[in-house]
Amino acid sequence: MSEEVVAEIVASVLEVVVTPGQKVDAGDTLVLLESMKMEIPVLAEEAGTISEVKVKVGEVIQAGDLIAVIDN
């Protein structure tokens with residue numbers, strides 16, 4: 001089963017913390033977003049392995065855009 005991590009707001013990608021194949025625990029930071037001069041971490045809701053990272057540093061993403069996929 002996979003968990004799709006999506007953006008909740010319009011933001012710029014400030015940092016991508018994870019890479020495909022990396023194991024994560026619930027609560028780990030996946031990416032760091034910037035919106036309105038605030039840094040917003042996007043966290044894993046479940047433990048698993050990152051299968052895909054769909055964003056790059058500097059990209060502007062919209063609410064609902066896919067950020068990453070975690071395989072459980």
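Computed from a predicted structure; not experimentally measured. The first residue of the sequence shown is numbered 1, and numbering continues consecutively from there.
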Query raised in the report: Yes or no on side-chain contact (heavy atoms from CB on, under 4.5 Å) for D28 and V18, after CA distance, side-chain angles and deciding distance?
Result: CA-CA 9 Å; D28 285 355; V18 296; over 6 Å; no

Query raised in the report: Between atom CD1 of I61 and atom CD of E8, what is the distance when rounded to the nearest 0.5 Å?
Result: 10.5 Å

Query - Partners meeting salt bridge (Lys or Arg N to Asp or Glu O under 4.0 Å) with E15 (sequence neighbours left out) - result: none

Query raised in the report: Is there a path of hydrophobic side-chain contacts, each under 4.5 Å between heavy atoms of I, L, V, M, F, W or Y residues, that connects V5 with V57?
Result: yes

Query - Non-hydrogen atoms of E45 and E3 that approach each other most closely - result: CB-OE2, 3.4 Å

**Report entry** Nearest-0.5 Å distance, CD1 of residue I67 to CD of residue E4
**Finding:** 11.5 Å

Query - S51 side chain to V69 backbone, donor-acceptor under 3.5 Å - result: yes

**Report entry** Over all atoms of both residues, closest heavy-atom pair of V55 and V31
**Finding:** CG2-CG1, 4.0 Å

Query raised in the report: With E34, which of V13, L14, I40 fulfils side chain to side chain contact (heavy atoms under 4.5 Å, CB included)?
Result: L14

Query raised in the report: Within a reach of under 6.0 Å around CD of E46, are more than 12 heavy atoms found that belong to other residues, nucleotides or ligands?
Result: yes

**Report entry** For the student: nearest non-hydrogen atoms of S35 and I9, plus distance
**Finding:** CB-CD1, 3.7 Å

Query - Value rounded to 0.5 Å, distance of OG1 in T29 from CD in E39 - result: 11.0 Å

Query raised in the report: When rounded to the nearest 0.5 angstrom, what is the spacing between CD1 in I50 and NZ in K23?
Result: 11.0 Å

Report task. Take I70 and L30 through the test side-chain contact (heavy atoms from CB on, under 4.5 Å) and record every step on the way to the result. Result -> CA-CA 10 Å; I70 302 173; L30 306 176; 4.0 Å; yes

Query raised in the report: Do you reckon V16 sits in the same ILVMFWY cluster as L32, going by side-chain contacts under 4.5 Å, direct or chained?
Result: no

**Report entry** T49 (side chain) donor-acceptor with D71 (main chain) under 3.5 angstrom
**Finding:** no

Query raised in the report: Just wondering, are more than 12 heavy atoms of other shown residues or ligands nearer than 6.0 Å to CD in E52?
Result: yes

